[in-house]
Amino acid sequence: MADTLALVTGASDGIGYELARRAVEDGHRLVICSDSDAIEEAADKLRRLGGEVETVQADLSGRRGVETLWQTVEHRKIDLFFANVGQALGHAFHEQKWRDVKRLIDLNVLQTTSMLHRVGRKMRAQGGGRILVTGSLGGFVPGPYDAVYNATKSYLDSLCYALQDEWKENDVVLTCLMPGPVETEIFDRAGMQDAPIEDAKKEDPTDVARKGYEALMKGERGAIPSLPSKVITMLAGIAPQGLMAEVHRWGARPRD
Ligand SMILES: NC(=O)c1ccc[n+]([C@@H]2O[C@H](COP(=O)([O-])OP(=O)(O)OC[C@H]3O[C@@H](n4cnc5c(N)ncnc54)[C@H](OP(=O)(O)O)[C@@H]3O)[C@@H](O)[C@H]2O)c1
């Protein structure tokens, strides 16, 4: 096994687990993190594939959780960082609990930025590294009935493109993975079981992770894994925002 370390957040399930699997298959040691003991089951599966895996169970929506994770890696060289953790939050904005809205922003924006700041500085100091941020196609589209989520992804997509520019003259590669809807637990966790998106055909998390991983290795700036998502990205650049919001509403608004 190569003496290289990959750090993956939100790795117990979904896209994060698949990214971790890719990293194991590529021979990297892993530190994987999520906020429940599901991370131990994920680690067992990855070890059965031959991976050398350490786990950190921490809630990354808070500073304490980020510090816990950071203490595990701060004195080590980090070769790959998958800033993947994120949650969504369905239903109308005014019906959501403020506590949940704040937690979403803390996780997707504040603490993800904190991790990127820490790892980015570290990689610059150590002379290089590769970072894949799981942004979203949702960052290009206003997202009625999951509004704050799309806004957080808009922030992340933008941050990625800005940091790529700042870091282009050194060896820190940053790629933004921007999938459309993917077949994972995210919609259930967001309370969107009663929205049409739940029944829609979605992208395959294994395929999404593979394309993101390959784009990172090639040093590409962005990865939009599916053709329909590429078309929506182009449309979002020319269609009125109000129209794009209506398209999103069809999928995300709870059925009456
Ligand atoms: N699925 C989609 O349609 C889609 C589309 C575009 C972008 N994305 C982005 O892809 C990323 C991964 O999403 P996914 O669909 O794979 O989600 P998922 O299947 O729901 O997995 C989420 C992962 O994040 C962990 N997690 C959630 N809250 C956490 C917290 N507060 N602290 C630490 N870990 C936490 C979960 O751990 P536990 O299981 O231990 O709770 C799990 O490992 C997110 O950034 C999401 O925004 C998803």
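Remember, it's 1-based here, ligands and their atoms both numbered in the order they're listed. Below, all heavy atoms of this structure are taken into account, side chains as well, without hydrogens, waters or symmetry copies. Every value quoted in this text rests on a predicted model; they were computed, and no experiment measured them.
- When atom types are taken as modelled, the side chain of Arg221 and the backbone of Thr175 share no donor-acceptor pair closer than 3.5 angstrom.
- A cation-pi arrangement is present between Lys202 and Phe187 under the rule of less than 6.0 angstrom and at most 45 degrees off the ring axis.
- Of the candidates Asn84, Asn108, Thr112, Thr134 forms a side chain to side chain donor-acceptor pair (under 3.5 Å) with just one, namely Asn84.
- Side-chain polar atoms of Thr68 and Gln57 form no donor-acceptor pair below 3.5 angstrom.
- Side-chain contact check for Glu40 and Thr55: at least one donor-acceptor pair (N or O, by modelled atom type) lies under 3.5 Å.
- A tilted orientation is assigned to the rings of Tyr213 and His28, their planes being inclined by 30° to 60°.
- The 4.0 Å heavy-atom shell around ligand 1 contains residues Gly10, Ala11, Ser12, Asp13, Gly14, Ile15, Ser34, Asp35, Ser36, Ala58, Asp59, Leu60, Ser61, Asn84, Val85, Gly86, Gln87, Arg103, Leu107, Thr134, Gly135, Ser136, Tyr149, Lys153, Pro179, Gly180, Pro181, Val182, Thr184, Glu185, Ile186, Phe187, Arg189, ordered by chain and number.
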